[in-house]
There are 2 protein chains.
Amino acid sequence: MADAPREREESLDVIQRELTAFARRARSAAARLHPDLPLVSYTLLAHIDHRHGCRATDLAAHYMLDKSTVSRQVAALEKLGLVERHPDPDDQRIQVLHPTAAGTKALASTQASRRAAYRERLGTWTSDDLEQFAEYLLRYNAAGEDSPPQ
Amino acid sequence: MADAPREREESLDVIQRELTAFARRARSAAARLHPDLPLVSYTLLAHIDHRHGCRATDLAAHYMLDKSTVSRQVAALEKLGLVERHPDPDDQRIQVLHPTAAGTKALASTQASRRAAYRERLGTWTSDDLEQFAEYLLRYNAAGEDSPPQ
DNA sequence: TACACTCGTTGTACCATACAACTAAAGTTC
DNA sequence: GAACTTTAGTTGTATGGTACAACGAGTGTA
């Protein structure tokens with residue numbers, strides 16, 4: 001049904017267009033979901049938590065950000081008391097980042113409202129569709145994980 | 001297979017996490033794909049073209065941007081000679097935006113490299129998966145189209 | 001005619017980001 | 001083990017994208 005190259009191109013265009021639209025809207029949506037937390041910081045904090053601690057370099061690689069950007073964001077999170085840095089005893093260059101108790105708490109409350117928004121928005125989807133959509137997104141992002149810096 | 005509420009929640013979390021990751025990476029990816037065009041401007045230009053002309057207000061609504069932001073972006077596009085404004089004779093407040101010949105050309109060349117990137121990235125996907133993914137994205141975005149400003 | 005609404009611009013401030021230069025700690029080579 | 005190279009992170013600087021607020025001009029309505 002969708003085997004013609006023509007259809008394939010059309011699907012690619014739709015994917016491209018819709019992903020772009022999503023990315024553009026993401027900022028304002030995020031601002032609505034957690035007006036308190038400095039937006040990007042939230043994302044980084046969530047990733048630190050999800051990984052059960054990580055380095056600034058990992059964050060930079062995962063989100064394709066410059067290390068200077070991450071450095072400042074992490075500094076902001078630390079200033080807010082949401083993140084702690086623990087120097088790695090085996091390598092003095094490395095700082096392992098962990099959420100503080102306050103960080104975990106802030107994350108939980110934000111996560112709750114975020115979940116509610118998603119649950120409402122995707123409420124009419126079947127569980128199978130959700131699972132499939134999640135799988136597609138994982139596959140899509142995984143393909144770009146190691147995309148060359150040029 | 002995925003009918004338990006538990007599985008549902010997990011899918012929602014994955015979707016949320018992966019969409020966020022995508023949105024965060026989008027900027028650097030876009031910068032790679034068209035270093036010339038001022039990034040956001042490209043998106044707006046593409047939308048103007050896709051709609052065969054539209055107003056600044058439409059752009060603001062579609063991308064959830066402030067009208068001042070759009071105003072400046074459009075001004076930049078006009079300065080670059082990529083967009084023309086035509087006052088609506090029936091309503092002097094309205095400016096209908098259209099790509100110029102140069103705009104269409106710039107868009108085409110950018111679109112080509114963009115398509116190539118997507119084609120490469122999604123090369124291993126079946127046409128059915130692409131179609132399904134496109135459909136999910138459309139559905140997802142449509143659900144947020146009329147999301148309340150609060 | 002006055003009031004309210006819509007479309008767009010401009011002033012201002014702020015956040016997120018990149019790039020470059022730098023320090024410090026490890027690792028590598030001879 | 002001294003000299004180079006690589007890696008982690010910070011800081012200075014510049015820029016781009018954004019929102020909010022105040023405004024101007026055009027349109028509709030009581």
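If you're wondering where the values come from, they're calculated on a predicted model, not measured in any experiment. In what follows, chains carry the letters A, B, and so on, assigned in the order in which the sequence lines appear, proteins first and then strands, with residues in each chain numbered from 1.
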Taking the nucleotide of DNA chain D with the nearest heavy atom to each, does A:Ser28 or A:Ile94 sit closer to the 5' end?
A:Ile94
Is there a donor-acceptor contact under 3.5 Å from the side chain of B:Ser11 to the main chain of A:Ala134?
no
Counting only distance, no hydrogens or angles, is the base of C:dC7 paired donor-acceptor with the side chain of B:Ser71 under 3.5 Å?
no
How close or far is atom P of C:dA21 from atom NZ of A:Lys67, stated in whole angstroms?
12 Å
Just the rounded figure in Å: distance from C1' of C:dA16 to CZ of A:Arg24.
13 Å
Rounded distance in Å - NE2 (B:His86) to C1' (C:dG8):
17 Å
Hey, is the main chain of B:Gly81 close enough, under 3.5 Å, to the side chain of B:Thr100 for a donor-acceptor pair?
yes
Students often get this wrong, so: under 4.0 angstrom with heavy atoms, is A:Asp66 touching a base, only sugar-phosphate, or nothing?
base
Roughly how far, to the nearest 0.5 Å, is the CZ atom of B:Arg119 from the CD atom of A:Gln16?
10.0 Å
Would you mind telling me which of D:dC20, C:dT9, D:dT11 lies closest to the side-chain atoms of B:Arg85?
C:dT9
For residues B:Leu59 and B:His47, determine if any side-chain heavy atom of one lies less than 4.5 Å from a side-chain heavy atom of the other.
yes
Gap between atoms CG and C1', on A:Leu77 and C:dA16 respectively (whole Å):
13 Å
Of the listed nucleotides (D:dG17, C:dA26, C:dA16), which one gets closest to any side-chain atom of B:Val40?
D:dG17
Would you say C:dC7 has OP1 or OP2 under 4.0 Å from some side-chain N or O of B:Gln92?
no
Atom CD of A:Gln95 and atom P of C:dA25: how far apart are they, to the nearest Å?
12 Å
Looking at D:dA19, I'd like to know if its phosphate oxygens (OP1 or OP2) sit under 4.0 Å from a side-chain N or O belonging to B:Thr69.
yes
B:Arg72 side chain N/O closer than 4.0 Å to the phosphate oxygens (OP1, OP2) of C:dT12?
no
Pairwise distance CZ(B:Arg55) to CD(B:Gln95) - rounded to 0.5 angstrom
11.5 Å
Side-chain donor/acceptor of B:Arg27 to base of D:dT18, under 3.5 Å
no
Measure distances between side-chain N and O atoms of B:Arg25 and base N and O atoms of C:dT17, and say whether any donor-acceptor pair falls under 3.5 Å.
no
For atom CZ of A:Arg55 and atom C1' of D:dG9, their distance in whole Å
11 Å
Report yes or no: is there a donor-acceptor pair, N or O only, under 3.5 Å between the side chain of B:Arg93 and the base of D:dT27?
no
Measure the distance from CG on B:Leu59 to C1' on C:dG8 and round it to the nearest whole Å.
13 Å
Would you say D:dG9 has OP1 or OP2 under 4.0 Å from some side-chain N or O of A:Thr57?
yes
Could you check how far CG of B:Asp88 sits from P of C:dC7, rounded to whole Å?
12 Å
